[in-house]
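The figures that follow rest on heavy atoms only: side chains count, while hydrogens, waters and symmetry mates do not. Proteins come first, then strands; the chains are lettered A, B, ... in the order of their sequence lines, and each starts at number 1.
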Amino acid sequence: MKYAFYPGCVSKGAAPELYRATIEVCKKLDIELDTETMEGASCTGSGVLQEKNEKLGDTLNARTFAMGENSGLPIMTICSTCQGVMSQARSRMADLEYRESVNSSLSDENLEYKGQAEPRHLLWIIIEDIGIEKFKEKIVKPLTGLKIAPFYGCYIVRPSDVLGFGENPERKHSLEMIIEAVGAEVADFPGKSACCGFPILTINEKNSMKMVSNHTLSAKKEGAVAMVTPCPLCHLNLDGYQPTASKQVGQPIDLPILHLPQLIGLALGIDPKVLKLNQHIINTESVVSALALTP
Amino acid sequence: MFDFDVIVMGAGLAGMRAALAASQNGSKVAVITKVYPVRSHSNAAQGGINAALTDRGDNWEDHAFDTIKGSDYLADQDAVEVMAREAGSEVINMEHMGAAFNRDDEGRLGVRAFGGQREARTFFVADFTGQALLHVLHEQVLSSGVQVFEEWFVTTLITEEERCVGLVAMDMRTGELHVMRSKAVIIASGGVGRVFEPSTNALICTGDGISLAYRAGAGIMDMEMVQYHPTTLKNNGALMSEAARGEGAYLLNAEGERFMERYAPNMMELASRDVVSRSEQTEINEGRGIDGCVLLDARHLGEKLINERLLQIRQLGIDFAGKDMVTDPVPIRPGMHYIMGGIKTDIDGLTSVPGLYAAGETACVSVHGGNRLGANSLLDTLVFGRRSGEHASEWVKTQAPASIDDTHASRCLEEIQSLLDRDSGEMFGQIRLDLGQTMNKHLAVYRDQKGMEQAKSDLADLKQRYASVMVQDKNKIFNTNLIFTLELGFMLDCAETTIIGALERKESRGAHTRTDMPERDDKNWLKHIVVSQSNGKPKIDYVPVNITKWQPQERKY
Amino acid sequence: MHVDLNIARFDPESGEKKPYREEFNIEVDETSTVLDGLIKIREEVDGTLGLRCSCRSAICGSCAMRVNGKAVLACNTKISDLVSDENKSINVEPVGNMKLIKDLIVEFDTHWQKIKAIEPWVKTDAPPPEAEYIASNESMMELIGVMGCIQCGACVSDCTVLAVDESFLGPAALAKAYRFLADPRDDANNQRLKDLNEPAGMWDCTRCMQCVEVCPKGVDPMGRIMKLRDFAMEAGYKNTTGARHAEVFSDIIKNNGVLNEFWLPVKTFGMFNIPEMLKLAPIGLKAMMRGKMPPIFYEKIPGSKNITKLFEKTKVV
């Protein structure tokens, strides 16, 4: 299995631990990553660009899709936001007339999106391409006894009609499937598909922090020892700003937030240091030591 | 005790239009509504609103004539003239207030064809014209000084010296009763569709205002005239707008035949509603239906037009019939939709009780006579809503406040308390269902003496059962169980007037079609039937039809 | 067909402060909706069950409630779509973000206040023409898309911002505001944008798409909010953090092809916005100590000039 790897800006910038963990985990899962095809790919626009100019955003993504198509490889993403924005762009460009008009801007680079490329998140690839049973076979260190809260990130769950939930209904609870497959227990809580608050961090920090504290505290209430997310932007807020949120709400939180490949990596027996679990703002030692105690 | 110049009961189009008119004319106005204004049933009007705009070559006389012919000559022609003449300014007024009517290529208001009319003069907002107008009027009420009592339920009208001087209403949020004094009351509380089961009408259409006026001594007119809409869904009775046929959809029977050819060769699917409904029912009765329905076929209109102009009913078909009209014909059948009758008023909305006005479906002016044309109901609400508001606000200037007090509330409270104190008996639900089924069986598209008499005797039984009805919920806050039980009382009153009128009218006219008396009889029955209460008993009066210049003719489409 | 409706009940007169659960096991038709089920309970089993409903055709907006955790209209939610041979249970709760009155009935007062706050009526400078305003059908179709809103409150219920901040105008009111800004007849755009540009207005939306997902009428409230932002920026209201964030974001992508998380907040607040910079500093320091500080010098993707070109080619007209 080989994929054209689209890492997204954040794993190349503020969340290098996600990039590292992805590389390591894919090695163990026999997922071959082509890291060169997408080197010239741009940001998806993250929904922010689309706010101002939807067509521009779609053009950037068409460019990325065309690069993927040229490589002959399926595209893999590791960010809920990238995934969602790309899925939305893809859905709009299903309209042939619109796609053609988008493609016309790409002719300078001799690129054309033919409507075939379908970027998919690592989360979905594990379930759909590897298969959850086969994935389970690769687990060497089941996370038995750990209660993990899932946190999806908006764009990988909404709008549901562009995310292929019809043909792939398991996508709706894919994160829970992974948590269970790695031997952990799901700490279900109401905010799991709500907003993390990141998009309004600079606009209304108070609301953003309240979202962080609400989600983390309600996950803890359900017994979670950690939270896992397939979205590095959610991670930035839930981990990076958890101390601020904690201060605002006036109570300690200290809930480690794991990137999806970090959670998987632990169960695959990869050294926590290699997974860069020491690069988080919220100390992940509690997870690592809890794991050390498991058989 | 609250005190106002004018109190409007109901916050649909007629009510809010009346309230705005009265308020703009300087009155202190309250609107009392048992649901939030935008929940009102005016929402359900889909297809549009009629007006003959002279600047596009139409004229009000043509509109008036189509309306009168559609009414099977039972409409009062002076009233129809008023409505047709004032239609244009009402539509333009709504446009100025912000209604987003569909446009033609020149950017002017676009029109679509509608049933029973020789000209396309129906202005529309996609296929949710009623909703669009209702929300626009609500916006205007928000910007006005009108005070709205939301989720308040009217239990009684207060009359003093045969004048209406206020009402008693329950704040549903607290369960408390309040006396509301006013110099005029305008009833605009809509129709009484729920007396029939099924019906296109919302669950709130329980005839509250008609019954309250009846109890207060007002005359109730032409209640036998019940419109069955030709295109309703079988499952839940939901309405599929006439706009579908206005845009060109066909009606087909089981053999795939456009059967309207045989009944209305000129107007085909766009004959007036009573004609189309009878034709469908005949097809179904004679074995050319499919599972009790015929088909509405819009496939040839194409997805683009359907999405632009019929989107809501496309979704209704998908949701409630499992049929997408883009790809499939939708099974439909005639279903109870509207009452042409109501509280008898003059052209200013005044009833036979001084100080008491009525407008909209609640009222019978009469502009619809034996059969209402599609897209005339919205027009009726606006024209006569405004006229009632204006007239009432002038009248109150001449009136002194009545000397009523809170004892009116305590009397109502006692009645309600005795209802709540009853610990055993039947709940309202089954009684209402039995009522609806009886009415729908015996007072439907086709009627006869035997059936109507059966309905009369069923109604007597139902009234007896209602006399010992039990309310299960004994609480005060949002006691809908109590509200529904009180509503059922209103419905039984309305059903009584319908059955009396239907048995009385010994001919076939408009929606009142008797298989045992199939001919129209202008010699004896070119008149309205008015039912009122006299010493607790129903009394029948006749009122001649007002004819200005259109003599009754044979009615062909 | 059998179904177990698990309903959140609340009796304000019992003295009990919290809602409780009650399950009703009933038989319904294949075609029955959740609303049909609830009405059946209300009329045949328990007359005290409180809920609002009226039209049964998804136009009056009365029966919004949360079914299996998601805000829907009960009247167009089919029971058969929610149950299976293994699972016959359906969870029914009142809508969120509104104060509970009784069972499934909530207070809409705040919602209506917000609708009123956006001054939802056409405002014109000049008296209207004698006949109708001349306007294109396209412009009316754009309004019709928003006017399809039935004020059911589903979007308000599931809005993630309202869940943490009840002062937020919210998706329904903001979509309604858009309806007037997009109306060619309205002359009050400037004032409207000025008001909506304030805190708790258009910039507080997180773009989480909950409102888009739950809207039963396809109104796309979030899309309308994004258009409001567009209008505001075009009208010169650029002095909000949100507007600057959008502009800076766009500039960074335009020049580099990818995002740089160091410069985004710094440029958004302005380098010399000392209080905000001080707030950022500890987070930056912590991140640096963990070895995850984004590079201060711009990293460009290979061929980033092509991206710049695309930006120029695809200008909004």
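A salt bridge between C/Lys309 and A/Glu109 is absent, with no side-chain N of the basic residue lying under 4.0 Å from a carboxylate O of the acidic one. Look at A/Lys206 and C/Asp165 and you find no salt bridge, because none of the NZ, NE, NH1 or NH2 atoms lies under 4.0 Å from a carboxylate O.
In this structure, A/Ser193 OG and C/Lys70 NZ are separated by 10.5 Å, a value rounded to the nearest 0.5 Å. One distance of note links OG1 of C/Thr241 with CD of A/Glu205; it measures 11.0 Å at 0.5 Å rounding. To the nearest 0.5 Å, atoms CD (C/Glu312) and CG (A/Leu56) are separated by 10.5 Å. Here C/Asp204 contributes atom CG and A/Ser208 contributes atom OG; the two are 11.0 Å apart, rounded to the nearest 0.5 Å. With rounding to the nearest 0.5 angstrom, the OG atom of A/Ser42 is 7.5 Å from the CZ atom of C/Phe311.
When each of C/His245, C/Gln210, C/Arg229 is scored by its heavy-atom pairs under 4.5 Å with chain A, the top score falls to C/Gln210. Between chain C and the residues A/Asn214, A/Asn204, A/Leu201, A/Thr244, the largest count of heavy-atom pairs under 4.5 Å involves A/Asn204. If you tally non-hydrogen atom pairs under 4.5 Å between each of C/Thr160, C/Val212, C/Ile225 and chain A, the highest count goes to C/Thr160. The choice from C/Asp158, C/Thr206, C/Thr240 that makes the most heavy-atom pairs within less than 4.5 Å of chain A is C/Thr206. Considering only heavy-atom pairs separated by less than 4.5 Å from chain C, the leading option among A/Leu49, A/Val157, A/Leu106 is A/Leu49. The candidate with the highest count of non-hydrogen atom pairs below 4.5 Å against chain C, out of A/Ile203, A/Val48, A/Leu60, is A/Val48.
The number of heavy atoms from other shown groups lying within 6.0 Å of CD (A/Glu170) is above 12. Remark: C/Asp81 CG is packed, more than 12 non-hydrogen atoms of other residues, nucleotides or ligands lying under 6.0 Å away.
Contacts of A/Val10 with chain C are made by both backbone and side-chain atoms, with heavy-atom separations under 4.5 Å. Of the atoms belonging to A/Pro190, not a single heavy atom falls under 4.5 Å from chain C. Of the two parts of C/Phe168, neither the backbone nor the side chain holds a non-hydrogen atom closer than 4.5 Å to a non-hydrogen atom of chain A. Residue contact with chain A, scored on non-hydrogen atoms closer than 4.5 Å, involves the side chain of C/Ile253 exclusively.
Looking only at distances, a side-chain donor or acceptor of A/Asn53 sits under 3.5 Å from a matching main-chain atom of C/Thr314.
Side-chain contact between A/Arg158 and C/Met222 is absent, with no heavy atoms from C-beta onward closer than 4.5 Å. Using a 4.5 Å cut-off on side-chain heavy atoms (C-beta onward), C/Ile307 and A/Arg63 make contact. A heavy-atom distance below 4.5 Å is not found between the side chains of A/Tyr155 and C/Cys208. C/Arg207 has its side chain within reach of A/Glu51: a pair of non-hydrogen atoms, C-beta onward, lies under 4.5 Å apart. Within the 4.5 Å cutoff, the side chain of C/Lys313 has heavy atoms near those of the A/Asp108 side chain. Within the 4.5 Å cutoff, the side chain of C/Met226 has no heavy atoms near those of the A/Glu54 side chain.
Scanning all heavy atoms of the two residues, the minimum distance from A/Gly40 to C/Ile301 falls at O-CD1, 3.1 Å. Contact detail for C/Phe249 and A/Ser46: the closest heavy-atom pair is CZ-CB, 3.6 Å.
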For this session: Report the C-alpha separation of A/Lys52 and C/Glu234 in whole Å, then their side-chain angles, then the decisive distance to 0.1 Å, and conclude whether the side chain to side chain contact (heavy atoms under 4.5 Å, CB included) test is met.
Result: CA-CA 10 Å; A/Lys52 281 186 72 172; C/Glu234 271 168 37; over 6 Å; no
Problem set entry | Criterion side chain to side chain contact (heavy atoms under 4.5 Å, CB included) on A/Met209 and C/Val164, from CA distance to verdict | CA-CA 9 Å; A/Met209 289 307 104; C/Val164 298; over 6 Å; no
